[in-house]
Amino acid sequence: MKRVLKHLTTVLSLGVALSAVSATQSFAQLKDGNITIALSGGLDRLDPAKTSNGPDLMILGQIYDTLLKMSPSGELEPNVAESWKSTADNTWRFNLRKDVKFSDGTPLTGEDVKYSIMRILDKQMASTHASQLSTIKDVVLVDDHTIDVVTTGPDPQLPRRMQAYGGTGRVFIVSKKYFEANTPESVSDKPMGSGPYKLVEWNKGQRIVLDKNPNYWGPAADVTKATFTFIPENSTRVNALIQKEVDLIQRLPIADIERVKGNKDLSVISTPNGLVHNINLDCRSAPFNDIAVRKAFSESLDLEGIVSSLLGEYGRVLPGPLPPNVVQYDKTLEPYKYNPEAAMKVVQEKKPTPISTNTSDGRYVADREIYQSINAQAGAVGFKITPRIMEWGRMISMITGATAGPFYIVGWDYSEGDASKMHAFGNSSRSTALCKVPEYDAAAGKAMIELNDEKRTELWKTAQRAMKDSYMIAGTWQAASIFGARKEVKWDANFGDNISLTDIKIQN
C-alpha cells in the first residue's frame with residue numbers, strides 16, 4: 001500500500017507577546033550573562049508538588065534544589081546532600097550540607113526536606129509525584145542536617161527521585177517556613193527556593209525572568225539572568241532565533257534544521273534521548289473499554305511511516321513503553337503491526353462510538369502533524385474522530401486530571417534511565433490512571449521493591465509485556481530533543497528536553 005502523508009501548514013495567530021530586541025542589544029546582553037530562551041510550551045503552575053508539566057519542572061529546577069544531581073553518564077552525585085547510603089533494607093540516610101540557604105537568607109535544614117517530601121505524600125495535595133514516592137513511610141530527623149527516609153519495604157531507586165531530571169517523581173526542596181506562611185496560590189505564583197536562580201518576574205502567558213540567587217551555595221554560572229518566553233508556533237520560534245530576538249530555542253522543527261545549520265551565527269544542538277511519546281488510550285469508557293477496539297486502533301496506525309516521514313533520522317518507533325537508554329529496556333519486543341484490513345473488520349463489527357480528541361501544537365516535535373496523521377489513518381478504517389487543537393497549559397491540566405479524552409499524545413522524560421518512570425502512568429492505583437491491568441500492577445509492584453538488579457529487570461520486562469499486550473498504549477515513539485542556539489551559547493543537551501542554566505557557557 002502506498003502511503004502518502006500530507007503536511008499541512010497552518011498560520012496560527014497565538015497572541016504570543018515576545019519581548020523582541022535588536023541584534024545589537026541581544027549580543028550585548030548575552031555578553032553580560034543575560035540570556036533569552038524560547039520554550040515551545042507555557043507554564044501551568046510553579047508549585048513543585050502540584051505540577052508534572054515539563055516547562056514547569058524546567059523552571060523549578062533553576063529555582064529549587066534537590067538532594068542529589070545526575071551526571072551526563074547517569075551517575076548520581078552529591079548536591080544538597082553531600083553523602084547518602086542505605087542503612088537498612090527500608091532506610092536511606094542523607095547527610096546535608098550545612099551552608100545551604102534559601103534565597104531569602106534562611107538556612108535549609110532537614111525540616112525543610114522532610115516537609116517537602118511529606119507535602120507531596122499528603123493525599124489532600126493530590127500530587128502528581130506521589131505515586132513514585134508511595135513507598136515512603138516516614139522521614140526521620142536524626143539531627144538538623146541528617147535525615148532518614150524510611151520506606152514500607154526496599155526501594156532501591158529512591159535516590160534517583162532525589163535529583164531533578166526525569167519528570168514526575170522528583171523532590172524539589174521547599175522552605176517549610178515560607179510555604180506555611182503563605183497561601184497555596186502565593187507559593188505557586190512566587191516560588192522561593194535555594195537553587196542557583198530566583199524569580200524576579202512572571203508575566204503569565206508571556207515570559208518569566210530569573211536572576212542569580214545571591215545566597216546560592218554552589219559555583220557561579222556564566223548565565224546571570226535568564227528570560228524564558230513561550231512561543232508554541234514553530235515558525236515564530238525559529239524566526240525569533242534567526243532575528244536574534246532570542247538566544248536559544250527549544251524544539252527546533254526538523255524542517256528548519258538545515259536552515260539553522262546554514263546560518264553562520266547559529267548552531268543546532270541535539271540528543272537522540274528526547275521525550276518518549278505515548279498514544280494513551282482511556283480504557284474506562286467506550287470505545288476503548290473494549291480491548292478489541294484498542295487493538296484495532298493500534299493496527300490502524302502506520303507509525304513507522306508517520307515517524308519516518310515527519311521526523312526522519314530524528315525519530316524512532318519504539319517496540320514498547322521504554323526507550324533504549326533505560327536499563328530494563330526489553331529489546332525482544334516488537335512494535336505493533338500495521339494491519340488496516342484487520343482493523344477495519346473490527347470497526348465494522350463493533351461500531352465504536354465517535355470520539356472527540358485534543359492535542360497540543362508545538363509542545364512536542366511535530367505533534368500537530370503526527371496527530372493529524374493518526375486521525376487520518378484511524379478515520380480511514382472507520383473510526384469517527386472530532387479533532388481539536390488545545391493550548392498546552394489547559395491540555396496538561398486535563399491529562400493530570402484524567403479528562404484529556406479517549407486518546408491523546410503525551411511525552412515522558414526517561415532521563416534518569418530507569419523503568420520506574422513507567423509506573424507514573426501504568427499504576428492503576430493512581431487517580432489519573434486510564435487503565436487497570438492486573439498483570440502489570442503485579443509485576444511492577446514487585447519490581448519497585450526488588451533489590452536484586454537481575455530480578456528487578458525481569459520483573460520490569462514482564463510489566464512492559466503486560467502493558468503492551470493490553471493495548472493501553474496504541475503506539476510509542478521517541479523524538480530527538482533538538483535545540484537551536486546562537487553560536488556564543490555553548491551547551492550539551494545531555495538530559496533530553498531539559499535545560500539547566502548552570503550548564504550553559506557563553507563564549508564571545
Side-chain angles (χ1 to χ4, degrees), residues 47-54 56-58 60-61 64-71 74-81 83-87 89-96 110 112-122 125 127-140 147-174 193 195 276 322 325-328 400 412-427 429-430 432 444-445 447-451 453 456 460 463 495-496 498 500:
D47 182 334
K50 284 286 194 177
T51 182
S52 57
N53 179 29
D56 292 351
L57 296 177
M58 183 187 300
L60 291 172
Y64 290 99
D65 258 326
T66 51
L67 286 175
L68 306 177
K69 63 181 181 179
M70 193 162 62
S71 72
E75 299 298 319
L76 291 176
E77 298 178 342
N79 199 44
V80 168
S83 65
W84 69 101
K85 64 180 179 179
S86 175
T87 58
D89 283 352
N90 69 334
T91 305
W92 285 96
R93 174 163 292 182
F94 295 89
N95 297 297
L96 312 183
D112 299 300
V113 179
K114 176 175 181 176
Y115 177 80
S116 301
I117 294 173
M118 301 311 291
R119 183 171 181 264
I120 291 172
L121 295 175
D122 184 346
M125 188 64 56
S127 174
T128 56
H129 305 282
S131 67
Q132 290 202 57
L133 301 172
S134 60
T135 61
I136 296 178
K137 182 179 180 180
D138 195 10
V139 178
V140 178
I147 63 167
D148 284 345
V149 180
V150 182
T151 55
T152 54
D155 187 348
Q157 296 303 309
L158 185 137
R160 286 198 169 267
R161 296 176 204 113
M162 301 299 161
Q163 53 79 39
Y165 299 124
T168 55
R170 308 310 103 188
V171 176
F172 292 102
I173 304 169
V174 305
V276 173
L322 299 180
N325 69 300
V326 168
V327 175
Q328 303 85 7
T400 56
W412 291 94
D413 184 345
Y414 285 90
S415 297
E416 73 269 45
D418 189 78
S420 57
K421 169 54 62 60
M422 186 167 60
H423 215 40
F425 58 89
N427 179 8
S429 66
R430 287 194 65 188
T432 56
M448 292 291 285
I449 61 174
E450 178 56 60
L451 293 173
D453 287 341
R456 188 168 180 271
W460 276 122
F495 301 103
N498 296 288
S500 174

Requested in this report: Kindly indicate, with the supporting measurements, whether the criterion side-chain contact (heavy atoms from CB on, under 4.5 Å) is fulfilled by Leu158 and Thr151.
Outcome: CA-CA 9 Å; Leu158 185 137; Thr151 55; 3.8 Å; yes

Report task. Kindly indicate, with the supporting measurements, whether the criterion side-chain hydrogen bond (donor to acceptor under 3.5 Å, both in side chains) is fulfilled by Asp418 and Ser420. Result -> CA-CA 6 Å; Asp418 189 78; Ser420 57; 2.8 Å; yes

Report task. Could you go through the side-chain contact (heavy atoms from CB on, under 4.5 Å) check for Thr400 and Ser52 one step at a time? Result -> CA-CA 8 Å; Thr400 56; Ser52 57; 3.7 Å; yes

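Taking all atoms of both residues into account, the shortest heavy-atom contact from Val326 to Ala419 is CG1-N, 3.5 Å. Across every non-hydrogen atom of Ala49 and Ser127, the tightest pair is O-OG, 2.6 Å. Between Arg170 and Ile120, the shortest heavy-atom contact is O-CD1, 4.0 Å. Taking every heavy atom of both residues into account, Leu121 and Ala130 meet most closely at CD2-O, 4.1 Å. In terms of heavy-atom proximity, Gln157 sits nearest to Arg456 at CG-NH2, 2.7 Å. In terms of heavy atoms, Ile147 sits closest to Gly110 at CG2-CA, 3.7 Å.
Residues Val113 and Phe94 are not in side-chain contact: their nearest non-hydrogen atoms beyond the backbone lie 4.5 Å or more apart. At least one side-chain heavy atom of Thr66 sits under 4.5 Å from a side-chain heavy atom of Phe172. Side-chain contact between Val174 and Pro48: present, with at least one pair of heavy atoms (C-beta onward) separated by less than 4.5 Å. Side-chain contact check for Trp460 versus Met422: some heavy-atom pair is nearer than 4.5 Å. No side-chain heavy atom of Ile449 sits less than 4.5 Å from a side-chain heavy atom of Asp155. At least one side-chain heavy atom of Leu451 sits under 4.5 Å from a side-chain heavy atom of Asp89. In this structure, the side chains of Leu68 and Pro159 come closer than 4.5 Å at one or more pairs of heavy atoms. Using a 4.5 Å heavy-atom threshold, the side chains of Trp92 and Thr87 count as separate.
Looking only at distances, no side-chain donor or acceptor of Arg160 sits under 3.5 Å from a matching main-chain atom of Met70. With hydrogens and angles disregarded, no donor-acceptor distance shorter than 3.5 Å links the side chain of Arg93 to the backbone of Lys85. The backbone N or O of Val139 lies less than 3.5 Å from a partner atom in the side chain of Lys114, making a donor-acceptor pair. Gln132 places a side-chain N or O within donor-acceptor distance of the main-chain N or O of Thr168, the cut-off being under 3.5 Å. With hydrogens and angles disregarded, a donor-acceptor distance shorter than 3.5 Å links the side chain of Lys50 to the backbone of Met125. In this structure a side-chain-to-backbone donor-acceptor pair under 3.5 Å is missing from Thr152 to Lys137. With Arg161 contributing its side chain and Val171 its backbone, the two residues share no donor-acceptor pair below 3.5 Å. Side-chain atoms of Asp413 come within 3.5 Å of backbone atoms of Ser415 as a donor-acceptor pair (strictly under, hydrogens ignored). With hydrogens and angles ignored, the 3.5 Å screen pairs no side-chain donor or acceptor of Asp138 with any backbone N or O of Val150. Under a 3.5 Å cut-off, the side chain of His129 and the backbone N or O of Ile117 do not form any donor-acceptor pair.
The aromatic rings of Tyr165 and Phe495 sit parallel, their planes meeting at an angle under 30°, below the 60° perpendicular limit.
In this structure, CG in Asn79 is found 10.0 Å from CD in Gln163, a value given to the nearest 0.5 Å. Once rounded to the nearest 0.5 Å, the distance linking CG of Leu96 with CG of Leu67 reads 6.5 Å. Atom-to-atom distance recorded for Glu416:CD and Asn325:CG is 9.0 Å, nearest 0.5 angstrom.
With sequence neighbours left out, Asn90 forms a side-chain hydrogen bond (donor to acceptor under 3.5 Å, both in side chains) with no residue at all. For Asp112, there are no salt bridge (charged side-chain N to carboxylate O under 4.0 Å, His left out) partners at least two apart in sequence or on another chain.
Between the side chains of Thr51 and Asn53, not a single donor N or O lies within less than 3.5 Å of an accepting N or O. In summary, the side chains of Ser131 and Asn427 do not present any donor paired with an acceptor at a separation below 3.5 Å, with no hydrogens or angles considered.
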